[in-house]
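Sending over a structure as structure tokens; questions will come in a sec.
A, B, ... follow the sequence lines: proteins, then strands. Residue 1 opens every chain.
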Number of protein chains: 2
Amino acid sequence: MPDYALPDSVPPGSTAERILDAAEDLFAERGYSATSLGDVADRVGIRSPSLYNHFRNKEALYRAVMERLVMAFSGPITELRAGPITQDRVLEWLETIVRQHHANPNLARLLQHAALSGGPATGELIEQLFRPMFDSSRPFEDEPGPVLGDAGLQPWAVMAFNNLVMSYITMAPMYRDLLGQDPFSESALEQQLKLVKTLLQAVFEYRGHTMLS
Amino acid sequence: MPDYALPDSVPPGSTAERILDAAEDLFAERGYSATSLGDVADRVGIRSPSLYNHFRNKEALYRAVMERLVMAFSGPITELRAGPITQDRVLEWLETIVRQHHANPNLARLLQHAALSGGPATGELIEQLFRPMFDSSRPFEDEPGPVLGDAGLQPWAVMAFNNLVMSYITMAPMYRDLLGQDPFSESALEQQLKLVKTLLQAVFEYRGHTMLS
DNA sequence: ACAGGGGACTAATAGGCATTAGTATACCCT
DNA sequence: AGGGTATACTAATGCCTATTAGTCCCCTGT
């Protein structure tokens, strides 16, 4: 009975991994406190006390779920943060994030729950995922336009685009009927990518006054 | 003991209203199932069985909370939906929504919980709040640019801007430290308004290719 | 003055929760 | 072959949950 389960200490197909899979889905859907270990166990096909052979308690399971998600997410992202900042690289970064969240929507959902209700390790989450986005607010190599060029506005723009991508995931169920297609289909992904990249392009090329003194 | 409590049947300052206030905050923060009636009662300063003198059960309380929120929100919005659609009117509409959510963040939070986890009356919520946004996808009177002019892209843009506004509210706690100021302060509201209006303006003025075939 | 009711209370219920203890089985290493 | 470890189980704990029943009190209308 390990105190915690590092992602790589969990062999694929093992019970521990199946627990993580089930718990990830349930935590992402319902949040920390609304998820019961009984439901997790049911989904795995075992009894809830058996979970304790793999995780110390509910909180340890939750933290293991988050750690695995953050690991899988930040791998491809951190590579992109090295090197110069240009319009093309920011577009690339945006597309990567969109595709990542689309491939596994659970991180976005879990983050949203954490933002609304707190829960264990919320502070660590912020530091690991959001701090880097703001620390990399270095100046552009090429011309970013008045919005992203304004050092006071840039963090807000970073936040806005991140929110845009994440809320597409977390709000998707609300729009399913309205859009007339599954928001997680391939074609919806392409549509969302098109929109979000066009939006960023529009910001790059925008030369107007910034709307307010 | 009324079966339900219409907002106007709840006199200001009454116990029923104080219950609604407390329940609204708690449901918005924790979601439906993670909110206990005991906590609601504690906040009001009564015992939890006394809640049943005012609401039939937990679900009725939740529905009353939502109804009150939706009422307060959609009043000022529906006025704006009549009349012609122009760039200026859409900007006005956007600003109104931003200010509404800022004035009471609980609707956005509750909607986000509902989108993630479901809960009672989620279907009705979609119909009341989101359907109108998409049905009013009438053509522009003046030139909206290729993004909002594209009938296929327009619903996506509506969704995107709505998400942008809502996720500012629901994700705010995550950014509190990063932005260095209270996201619900007056100055933060102005900053957010500036950004979101600039973004819309950029979309209006954007004349580029739409990024993809 | 007094009846009645609204709205608070306490006590009790039945179920769900995370968690612990103790037990049994099945596999691996010696 | 046989001991140990891993991992499943059942049973039991104490707490929290929504909800009901029954009681009491105070305010209002007659």
Side-chain angles (χ1 to χ4, degrees), chain A residues 1-6 8-27 29-66 113 117-121, chain B residues 1-6 8-27 29-66 113 117-121:
Chain A
M1 57 189 85
D3 261 23
Y4 57 91
L6 286 174
D8 36 35
S9 75
V10 176
S14 67
T15 305
E17 197 189 37
R18 282 165 48 229
I19 293 172
L20 282 173
D21 291 342
E24 181 185 305
D25 284 345
L26 287 171
F27 281 137
E29 181 184 327
R30 310 178 187 178
Y32 179 72
S33 44
T35 299
S36 87
L37 294 185
D39 290 342
V40 175
D42 280 353
R43 209 172 265 218
V44 179
I46 60 178
R47 306 288 179 179
S48 69
S50 303
L51 297 176
Y52 290 80
N53 288 323
H54 303 273
F55 299 93
R56 203 169 77 274
N57 54 26
K58 186 180 180 181
E59 182 172 334
L61 173 57
Y62 178 76
R63 297 184 109 103
V65 163
M66 288 221 302
H113 276 296
S117 320
Chain B
M1 58 191 86
D3 261 23
Y4 57 92
L6 287 172
D8 36 37
S9 75
V10 176
S14 68
T15 306
E17 197 190 37
R18 283 164 48 228
I19 293 172
L20 282 174
D21 291 341
E24 183 185 304
D25 284 344
L26 287 170
F27 282 136
E29 182 184 327
R30 311 179 186 176
Y32 179 72
S33 44
T35 298
S36 87
L37 294 185
D39 290 341
V40 174
D42 280 353
R43 210 172 264 220
V44 178
I46 61 178
R47 306 289 178 177
S48 69
S50 304
L51 297 176
Y52 289 81
N53 289 322
H54 304 273
F55 299 93
R56 204 170 74 272
N57 54 26
K58 186 180 179 181
E59 181 172 334
L61 173 57
Y62 178 76
R63 296 184 110 103
V65 163
M66 289 220 304
H113 276 296
S117 319

query = Between Leu51(B) (CG) and dT19(D) (P), how many Å, whole number?
reply =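 Leu51(B) atom CG is separated from dT19(D) atom P by 10 Å.
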
key: N/O (side chain, Ser36(A)) to phosphate O (OP1/OP2, dG16(C)) under 4.0 Å   =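 For dG16(C), OP1/OP2 do not have a side-chain N/O of Ser36(A) under 4.0 Å.
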
message = On a heavy-atom basis, which atom in Leu37(B) and which in Ser48(B) lie closest, and how many Å separate them?
response =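 Result for this residue pair: O-CB, 4.0 Å.
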
task = Give the rounded distance in Å between these two atoms: OH of Tyr32(A) and P of dC17(C).
result =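 The distance from OH of Tyr32(A) to P of dC17(C) comes to 14 Å, rounded to the nearest Å.
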
inquiry  = Counting the atoms with a prime plus P, OP1 and OP2 as sugar-phosphate, which does Thr35(A) contact under 4.0 Å by heavy atoms, base, sugar-phosphate, or nothing?
reply    =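 Sugar-phosphate, no base atom in range.
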
query = Which nucleotide sits closest to the side chain of Ile46(A): dT19(C), dC9(D), dT10(C)?
reply =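 Given the options dT19(C), dC9(D), dT10(C), the side chain of Ile46(A) is closest to dC9(D).
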
ask   = Separation of Asn57(A) atom CG from dC15(D) atom P, in whole Å?
value =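 One finds 18 Å between P of dC15(D) and CG of Asn57(A), rounded.
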
message = Within this structure, what is the CE-OH distance for the pair Met66(B) and Tyr32(B), rounded to the nearest 0.5 Å?
response =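 If I round to the nearest 0.5 Å, the distance is 10.0 Å.
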
ask   = Between atom CZ in Arg30(A) and atom P in dC17(C), what is the gap in whole Å?
value =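 My rounded result for the distance is 9 Å.
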
key: Euclidean distance, atom CD of residue Glu59(B) to atom P of dA18(D) [Å, nearest integer]   =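 For the pair Glu59(B) CD and dA18(D) P, the rounded distance is 13 Å.
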
message = Of the listed nucleotides (dA8(C), dT19(C), dT20(D)), which one gets closest to any side-chain atom of Pro49(B)?
response =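 The listed nucleotide nearest to Pro49(B)'s side chain is dT20(D).
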
message = As a test of reading the structure: which of dA18(D), dT7(D), dA18(C) is closest to the side chain of His54(A), going by heavy atoms?
response =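 The nucleotide sitting nearest to the side chain is dT7(D).
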
inquiry  = Rounded to the nearest 0.5 Å, what separates atom CG in Asp39(B) from atom CG in Asp25(B)?
reply    =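 It comes to 12.5 Å.
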
inquiry  = Expressed as a whole number of angstroms, how long is the span from Lys58(A):NZ to dG16(C):P?
reply    =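 Between P of dG16(C) and NZ of Lys58(A): 16 Å.
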
request  = Measure the shortest side-chain to side-chain distance between Arg18(A) and Thr15(A) over non-hydrogen atoms and say whether it is less than 4.5 angstrom.
outcome  =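 In contact.
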
inquiry  = Taking Leu26(B)'s backbone N and O only, do any of them form a donor-acceptor pair with Thr35(B)'s side chain (distance below 3.5 Å, no angle check)?
reply    =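 Yes, the answer is positive, given that a donor and an acceptor are paired below the 3.5 Å cut-off.
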
key: Atom-to-atom span, CZ of Arg56(B) to P of dG7(C) - whole angstrom   =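 Arg56(B) atom CZ is separated from dG7(C) atom P by 17 Å.
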
inquiry  = Heavy atoms from C-beta onward define the side chain here; which of dC9(C), dT17(D), dT19(C) lies closest to that of Arg47(B)?
reply    =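 From the listed options, dC9(C) comes nearest.
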
query = Hey, does the side chain of Ser50(B) come within less than 4.0 Å of dC9(C)'s phosphate (OP1/OP2), counting only N and O?
reply =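 Yes, because at least one side-chain N or O of Ser50(B) sits under 4.0 Å from OP1 or OP2 of dC9(C).
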
task = Can you figure out which of dT17(D), dT10(C), dT19(D) approaches the side chain of Tyr52(B) most closely?
result =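 Looking only at heavy atoms from C-beta outward on Tyr52(B), the closest nucleotide is dT19(D).
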
task = Please confirm whether any donor atom in the side chain of Asn53(A) sits under 3.5 Å from an acceptor in the base of dA8(D), or the reverse.
result =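 Yes, the side chain and the base share a sub-3.5 Å donor-acceptor pair.
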
message = Below the 4.0 Å mark, does dT17(D) have OP1 or OP2 next to a side-chain nitrogen or oxygen of Ser48(B)?
response =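 It does not, given that no N or O in the side chain of Ser48(B) lies less than 4.0 Å from OP1 or OP2 of dT17(D).
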
task = Starting at atom CG of Leu37(B), determine the distance to atom P of dG15(C), rounded to an integer number of angstrom.
result =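 Computing the Leu37(B):CG to dG15(C):P distance gives 19 Å.
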
